[in-house]
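Below you'll find the structure, written out as structure tokens, and then a few comments.
A note on names: the letters A, B, ... follow the listed sequences, proteins ahead of strands, and every chain is numbered from 1. We use all heavy atoms of the structure for the numbers below, so side chains are in, but hydrogens, waters and symmetry mates are not.
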Amino acid sequence: MKLSQAFIPTLKETPSDAEVASHRLMLRAGLIRPLVAGVYSYLPLGWRAMRKAAQIVREEIDRIGGQEFSLPTLSPKELWQGTGRYDEFGDLIFKLKDRRNRELCLAPTHEEVITDIARTSIRSFRDMPQLWYQIQLKHRDEFRPRSGVLRGRMFIMKDSYSLDADQEGLDAAYHRHREAYSRIFIRSGLKFFVVQASSGVMGGSESEEFMAPTAAGEDTVIRCSQCDYAANLEVAQSVPKPVQPLGEKGSRKVHTPDQRTIDEVSAFLGCRPENLMKSLLYIIEDKPVMILIRGDHELNENKLMALRGSNFRPAEADEALNITGANLGFLGPVGLKDAEILCDIGLREQTDVITGANEDDYHLVGLTPEKDFQVDSYQDLRHVKEGENCIHCGKPLNIINAIELGHIFKLGTKYSTSLGATFLDSSGEKKPIVMGSYGIGIERIIAAAIEQNHDEDGIIWPLTLAPYEVHILPIDMTNDQVSTVSKALYASFREHGLEVLIDDREESPGKKFKDADLIGFPFRINVGARSLKEGKVELKPRHERTVLQIDHKNALSAVKKMMEERHDVEREKLEKVSEKNIFT
RNA sequence: CGGGGCGUAGCGCAGUCCGGUUAGCGCGCAUGCUUCGGGAGCAUGAGGUCGGCGGUUCAAAUCCGCCCGCCCCGACCA
């Protein structure tokens, strides 16, 4: 491509509404332009990168037997009501009506559509396994689109769906995806790791996420400093720090006028927050449930949801008063009737705790679970905190931000059961199809690659995602020799199948260098009169500081050699995929 | 949805508090000449419903009201 003819509108200044690096650089390098909140147009350079990411994904899913579909984005409301997700997704679904007032929606994902096809065409165990996928637009009316392309309201997702006759089949499909995903992100040049995840509205049993660590990431992930343990904060576990008991003998009531919060009460009584117990009153499926958590811990609502479904909320102040007889701040489990009591496992061994007395301005001290109050069950309900230790090896855990690149789920029979997608097994018995669902956000591959690979001057593209591989930069197009050699190099690179761009504009060198750094292709070749006197040009890999002086006749072979070296590194990583969890 | 910020030329901003000529600056753009190894110089020029609607006033970018849009921070997802 000749830059003089290309549409690559770079920006010298950063648009004021871009905060994170990937958003800023994608705008500045002319990859995208905003249209409305959370919706972007891809300009030629950006779309080339997107197509490369999608192609890597396509190749790897094909490799494990995937068959690509093209599925409609417009779909009937009823299909989504069939699985209950019309309400579960709620306002997240874009809704519209056609001219005859039929209610339609824009698919936020495609499990329902796939299951609909499966139920009409998969009849026998002999028809399976199947692995179907698509790489297409999804629409979600996000509560809060943000960070540029990282969370848009329209985004391109690869989602594959495995259809199997039994659990073993699903396990195999899941495993193949796990491996394919690792290959995809290695080939995309990303740092990533796999974490245990929560299934959310997808339902199903096991699920894992592929995470790209970066400060711009919206997910919080727990990772052991020593062993392989890694989990999304939503489901992560840890060993809580031990507590020094206060040494109270037996329980007693103390006057704590106007002391409501953990901080207030602990300061008032001269103890530490961990000596207290939070008594949180929730309404779960219209019934009151008291949740007990150590004073310095936080309730993890994701864990609660995994346990009891999504129909819950904190009790209102007046409800709390009706149920316990006390105002918020003085609630407790002692003497509480007609409410279930759920206790976090972090409190199981604990004695000698302080909590509300169910009487305004009073707390109880010296309480011990089960002795002084009833516990209906112990559950893991709390958030992991910084500085806690790993449940597997006891070493410290780290809390880091990451971008969720992909998510793999064992759905099981949730969708096939609710939509009636069944088949006959070898003994003639009717069974629901066992399904898996596997997603990857294509723009997140691009955004994560930029987040992880940039400097103050611009993007540093991984070779495999770069819109072009080579950038030829003639320093002065008005110099005949420079112009001739540059054009000859351009022609020969093209002939040899390299993706090359030449900056044939009559611009000042400074501007050309700045643009080259900004759009950040892997290899740059500077052609200037100075070096050309000795027949040399400069080879500058974007990710290195060094500039190599090479004979212009050797430029092609030098670039090819460097590209080959990068592919070798990639191949080496790919070979190690099968058993490993962490890639850095 | 709750909280905060912003909306003036393609982009980045000043002017708004305290109303008063013809609404400015930088970048970019156009034309010409000069320049050519890290966002060149000079000259000339084009480009604006000051987010929208309504109100106050002799007079509104500026004050008031309503609305719209965008960004950032908190609960959901690829």
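Phosphate proximity of B:C76 to A:Arg151: absent, as no side-chain N or O sits under 4.0 Å from OP1 or OP2. The phosphate of B:G12 (OP1 or OP2) has a side-chain N or O of A:Ser16 nearer than 4.0 angstrom.
The C1' atoms of B:C50 and B:A9 are separated by 10 Å, rounded to the nearest whole Å. Comparing the P positions of B:C64 and B:A46 gives an interatomic distance of 36 Å, to the nearest angstrom. Annotation: B:G7 and B:U62 have their C1' atoms spaced 15 Å apart (nearest Å). Here, B:A61 and B:C67 have their P atoms 23 Å apart, quoted to the whole Å. Taking the C1' atoms as reference points, B:C11 lies 12 Å from B:C29, given to the whole Å. Distance noted for atom C1' between B:G47 and B:A23: 14 Å (whole Å).
Under the salt bridge (charged side-chain N to carboxylate O under 4.0 Å, His left out) criterion, the residue pairs touching residues 299-312 of chain A are A:Lys303-A:Asp380, A:Arg308-A:Glu340, with sequence neighbours excluded. Pairs engaging residues 505-526 of chain A under the salt bridge (charged side-chain N to carboxylate O under 4.0 Å, His left out) rule: A:Asp503-A:Arg505, A:Arg505-A:Asp515, A:Glu507-A:Lys511, A:Asp517-A:Arg524 [sequence neighbours left out].
Separating the CD atom of A:Glu234 from the P atom of B:A75 is a distance of 10 Å, rounded to the nearest angstrom. Rounded to an integer number of Å, the gap from A:Ile8 CD1 to B:G10 C1' is 18 Å. Atoms CG (A:Asp141) and P (B:C77) sit 15 Å apart, rounded to a whole Å. Look at CG on A:Leu473: it is 13 Å from C1' on B:G39, rounded to the nearest Å. If you measure from atom NE2 of A:His407 to atom P of B:C76, you get 14 Å, rounded to the nearest angstrom. With rounding to whole Å, A:His139 atom NE2 is found 16 Å from B:C77 atom C1'. Following rounding to the nearest Å, A:Lys533 (NZ) and B:G37 (C1') show an atom-to-atom distance of 12 Å. Distance CZ (A:Arg146) to P (B:G69): 19 Å, rounded to an integer number of Å.
When both distances must be under 3.5 Å, the Watson-Crick or G-U wobble mate of B:C50 does not exist. In this structure B:G45 sits in a base pair with B:C29, meeting the Watson-Crick or G-U test at under 3.5 Å. Pair check for B:G7 finds B:C68; Watson-Crick or G-U wobble, both atom distances under 3.5 Å. The nucleotide B:G74 finds its pairing partner in B:C1, both defining distances of the Watson-Crick or G-U wobble pair being shorter than 3.5 Å. Using N1 to N3 plus N6-O4 or O6-N4 for Watson-Crick, or N1-O2 and O6-N3 for G-U wobble, each under 3.5 Å, B:G24 pairs with B:C13. Base-pair partner of B:C63: B:G55 (Watson-Crick or G-U wobble, both distances under 3.5 Å).
Under the side-chain contact (heavy atoms from CB on, under 4.5 Å) criterion, A:Asn479 pairs with A:Asp476, A:Gln481, A:Val482, A:Ala529, not counting sequence neighbours. Every residue two or more places apart in sequence or in another chain was checked for a salt bridge (charged side-chain N to carboxylate O under 4.0 Å, His left out) with A:Lys487, and none qualifies. Under the side-chain contact (heavy atoms from CB on, under 4.5 Å) criterion, A:Arg48 pairs with A:Pro467, A:Tyr468, A:Glu499, not counting sequence neighbours. The side-chain contact (heavy atoms from CB on, under 4.5 Å) check on A:Met154 picks up A:Val39, A:Leu137, A:His139, with sequence neighbours excluded. Listed by chain and number, the residues in a side-chain contact (heavy atoms from CB on, under 4.5 Å) with A:Leu96 are A:Leu74, A:Leu104, A:Leu106 (sequence neighbours excluded). Every residue two or more places apart in sequence or in another chain that forms a ring-ring contact (aromatic ring centres under 6.0 Å, His included) with A:His471 is listed here: A:Phe521. Partners of A:Phe493 by ring-ring contact (aromatic ring centres under 6.0 Å, His included), not counting sequence neighbours: none found.
Exactly one of A:Arg176, A:Arg178, A:Arg183, A:Lys158 qualifies for a salt bridge (Lys or Arg N to Asp or Glu O under 4.0 Å) with A:Glu60. That residue is A:Arg183.
Residues from residues 49-63 of chain A lying near RNA chain B, meaning a heavy-atom separation below 4.0 Å, are absent. For the segment residues 443-456 of chain A, residues with any heavy atom less than 4.0 angstrom from an atom of RNA chain B are, sorted by number, A:Arg444.
RNA chain B is contacted by both A:Ile440 and A:Val20; A:Val20 maps to the nucleotide lying nearer its 5′ end (nearest heavy atom per residue). Mapping A:Thr478 and A:Glu218 onto RNA chain B by nearest heavy atom places A:Thr478 closer to the 5' end of the strand.
Here A:Asn479 lies out of heavy-atom contact (under 4.0 Å) with every strand. The residue A:Ile156 sits apart from the nucleic acid: no heavy atom pair falls under 4.0 Å.
For the pair A:Ser531 (side chain) and A:Val527 (backbone), a donor-acceptor distance under 3.5 Å is absent.
By the criterion of a centre-to-centre distance under 5.5 Å and near-parallel planes under 30°, the ring of A:Phe155 forms a stack with the base of B:A78.
The base of B:C77 lies close enough to the side chain of A:Asp219 for a donor and an acceptor atom to sit less than 3.5 Å apart. On a pure distance criterion of 3.5 Å, a polar donor-acceptor pair joins the side chain of A:Arg28 and the base of B:G39. A donor-acceptor contact under 3.5 Å is formed by the side chain of A:Ser531 with the base of B:G37.
A salt bridge links A:Arg542 with A:Asp455: the closest approach of a Lys/Arg side-chain nitrogen to an acidic carboxylate oxygen falls below 4.0 angstrom.
Side-chain atoms of A:Val20 and A:Glu451, non-hydrogen and from C-beta on, do get closer than 4.5 Å to each other.
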Show each protein N/O and nucleotides 25-28 of chain B N/O combination with a separation under 3.5 Å, one pair to a line.
| residue | atom | partner | partner atom | Å |
| --- | --- | --- | --- | --- |
| B:G26 | N2 | A:Glu13 | OE1 | 3.0 |

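By the 6.0 Å and 45° rule, A:Lys2 does not stack over the aromatic ring of A:Tyr490.
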